[in-house]
Amino acid sequence: IGAIIGVNIAARYYADPEVAALIVLAVTGILLAISHIIVRSFERVAEASRARSEFVSIISHQLRNPLSSIRWQLEILLRDANLDQKMRSYLESVNEYNNRMAKLVNDLLTVNRIESNRLVLAPSAFWMGNLVKKIVADNALFANASHITIDLEEKKNIPPVYADENHIRWAVENLRTNAIRYGSPRTSIAVRINTEKTNVRVDITNHGSPILRSDAVRIFEKFFRANNAQQKHVNGSGLGLFIAKAVVEASGGAIGFVSEQSGETTFWLTLPRVKKNE
C-alpha cells in the first residue's frame with residue numbers, strides 16, 4: 001500500500017496530467033481488486049466456519065442415535081445374571097468406550113451451540129450445597145478406585161443461586177472429575193462452598209502435578225490439554241473446561257484456578273446468589 005501511495009504522489013508531480021490520470025486510475029483499479037480479494041477471503045472464512053459448524057452438528061446428531069441404541073442393547077445384555085464373567089468384562093469395556101464416545105458427541109454439540117450463540121439456558125433458584133453433595137455421592141466409587149478421598153465443607157446459611165442447574169451440574173462434575181484424574185493417589189480433595197457478597201463460591205482443591213505457567217493462559221481453550229494431562233496419560237478431549245467456562249459465564253458467574261508449585265491446585269467458580277427480595 002505504501003508503494004502504491006508513492007506511485008500516486010510521483011505521478012501527480014512528475015508526469016503529464018493525462019499520464020498522471022491514467023496512473024491514478026490504474027492504481028485505483030489495483031486497490032479495488034485488492035479490496036475485492038480481501039472481502040472474498042473474509043467471506044470464504046465465514047462460509048468455511050459456517051460449513052464446519054453445520055458439519056459438526058450434522059455428524060454429531062447422526063452419531064447420537066446409533067450410540068444410544070448400542071448403549072441400550074449393552075445394558076440389556078449386562079442385566080443377564082447368567083452372563084459369563086469373561087463376556088461380561090468384554091461388554092463392560094465396550095460400554096465404557098461407547099459412553100465415552102457419546103460424551104464426546106454431546107460435548108461437540110454443546111461447543112457448536114456455544115460458538116453459534118445457540119446455547120439455551122433455563123435459570124432457576126437452587127441450592128448449590130445439595131447439587132455438590134449429590135455429585136460427590138454419585139462419584140464416590142470413582143474416587144475410591146483412585147484411592148482418593150473427598151472432603152466436603154459447606155458454610156452455614158448458604159443462599160440459593162440463580163442459574164441453569166443442569167448445565168452447572170455438568171460444570172461442577174467436570175471440575176470434580178478433573179480433580180480426581182489429576183490428583184495423586186492417597187490424597188484428598190477438598191470441596192468448599194462459601195458465600196461472597198453477591199455470589200456463592202465453590203472451590204475444588206486437589207494435590208498432584210502443578211499446572212505450568214505456559215499452560216495456564218490456555219487452560220480454558222477449546223481442545224487444549226495441559227502438559228500434566230499428557231504426562232499422566234489421562235483420556236480427554238480438551239473440551240470440558242471450555243464448556244464449563246462458557247456455561248458459568250453465561251450464567252453471570254466466573255471461573256478460574258490457582259496452581260501452586262507444590263502441586264496443590266484449586267479450581268473455583270462463582271454464581272450469582274438469589275436476592276432476598278426475589
Side-chain angles (χ1 to χ4, degrees), residues 107 110-111 113-115 117 119-139 143 150-183 188-208 210-211 213 215-222 224 226 228-229 236 238-260 262-278:
D107 287 353
T110 303
V111 168
R113 294 189 190 103
I114 291 170
E115 293 188 325
N117 295 318
L119 180 66
V120 179
L121 299 178
S124 63
F126 65 92
W127 300 94
M128 181 61 77
N130 293 341
L131 182 145
V132 173
K133 287 174 186 175
K134 190 174 188 310
I135 290 174
V136 171
D138 289 346
N139 295 274
I150 300 179
D151 299 322
L152 177 59
E153 178 187 333
E154 181 183 8
K155 297 294 184 181
K156 293 182 179 180
N157 302 319
I158 299 290
V161 298
Y162 188 75
D164 187 308
E165 185 172 0
N166 288 328
H167 282 87
I168 296 302
R169 178 185 290 108
W170 187 98
V172 174
E173 181 152 347
N174 182 268
L175 297 183
R176 193 267 330 155
T177 300
N178 284 349
I180 295 174
R181 285 179 173 175
Y182 301 120
S188 63
I189 292 173
V191 181
R192 295 179 296 274
I193 307 174
N194 297 304
T195 304
E196 297 181 336
K197 287 185 178 180
T198 58
N199 300 310
V200 171
R201 173 169 172 143
V202 178
D203 291 81
I204 301 177
T205 303
N206 77 335
H207 300 271
I211 297 173
R213 289 186 179 180
D215 291 340
V217 293
R218 302 186 59 196
I219 205 71
F220 290 104
E221 286 185 9
K222 181 178 60 176
F224 177 74
N228 60 348
L239 296 174
L241 291 177
F242 172 82
I243 296 174
K245 186 177 191 301
V247 166
V248 170
E249 291 182 348
S251 300
I255 188 170
F257 73 96
V258 177
S259 187
E260 305 292 345
S262 63
E264 180 179 285
T265 300
T266 299
F267 274 84
W268 57 266
L269 65 84
T270 63
L271 290 169
R273 55 190 287 186
V274 175
K275 297 178 182 178
K276 292 182 179 180
N277 57 351
E278 290 183 342

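For the numbers below, each heavy atom of this structure counts, side chains included, while hydrogens, waters and symmetry mates do not.
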Review point. Is there side-chain contact between Leu175 and Leu241, with at least one heavy-atom pair below 4.5 Å?
Key: yes
Exercise for review: List the atom of Leu121, the atom of Ser251, and the distance in Å for their closest heavy-atom pair.
Suggested key: CD1-OG, 3.9 Å
Point to revise | Audit row: Ile189, Arg176, side chain to side chain contact (heavy atoms under 4.5 Å, CB included) steps and yes/no | key: CA-CA 9 Å; Ile189 292 173; Arg176 193 267 330 155; 5.9 Å; no
Point to revise | Residue pair Thr195, Lys155: steps toward the side chain to side chain contact (heavy atoms under 4.5 Å, CB included) verdict | key: CA-CA 8 Å; Thr195 304; Lys155 297 294 184 181; 5.5 Å; no
Review point. Any donor-acceptor pair under 3.5 Å linking the side chain of Asp151 with the backbone of Ala190?
Key: no
Exercise for review: Answer yes or no: is there a donor N or O on one side and an acceptor on the other, between the side chain of Asn206 and the main chain of Ala179, under 3.5 Å?
Suggested key: yes
Revision key, fill the gap. Between Thr205 and Arg192 the two heavy atoms that sit nearest each other are OG1-NH2, 3.1 Å
**Study point:** Contact summary for Leu119 and His167, nearest pair of heavy atoms
**Key:** CD1-NE2, 3.8 Å
Review point. With distance as the sole test, does Asp215 use its side chain to make a donor-acceptor pair with the main-chain N or O of Ile211 at under 3.5 Å?
Key: no
Check your understanding: Going from CZ on Arg169 to CG on Asn174, what distance comes out if it is rounded to the nearest 0.5 angstrom?
Key -> 14.5 Å
Practice item. Would you check if Glu165 and Ile168 make a side-chain contact, meaning some heavy-atom pair closer than 4.5 Å? Key: no
**Study point:** Arg273 side chain vs Glu196 backbone, donor-acceptor pair below 3.5 Å
**Key:** yes
Study note, to complete from the structure: Residues Ala163 and Phe126: closest non-hydrogen pair is O-CE2, 3.5 Å
Revision key, fill the gap. side-chain hydrogen bond (donor to acceptor under 3.5 Å, both in side chains) pairs touching residues 119-137, sequence neighbours excluded, are Lys133-Glu154, Lys134-Asp138
Determine all donor-acceptor pairs shorter than 3.5 Å in which one atom belongs to a side chain in residues 242-249; sequence neighbours excluded.
residue: Lys245; atom: NZ; partner: Glu249; partner atom: OE1; Å: 3.2
residue: Lys245; atom: NZ; partner: Glu249; partner atom: OE2; Å: 2.6

Exercise for review: Using distance alone, with no hydrogens and no angle criterion, decide if Arg181 and Asn178 have a side-chain donor and acceptor under 3.5 Å apart.
Suggested key: no
Point to revise | Minimum side-chain heavy-atom gap Ile180-Ile150 below 4.5 Å | key: yes
Check your understanding: Which is it for Thr265 and Ile204 under the side chain to side chain contact (heavy atoms under 4.5 Å, CB included) test, yes or no, and what are the steps along the way?
Key -> CA-CA 8 Å; Thr265 300; Ile204 301 177; over 6 Å; no
Study note, to complete from the structure: For Trp268 and Phe257 the tightest heavy-atom approach is NE1-N, 3.4 Å
Exercise for review: Answer yes or no: is there a donor N or O on one side and an acceptor on the other, between the side chain of Thr270 and the main chain of Ala254, under 3.5 Å?
Suggested key: yes
Revision key, fill the gap. In terms of heavy-atom contacts, Ile158 and Ile193 come closest through CD1-O, 3.8 Å
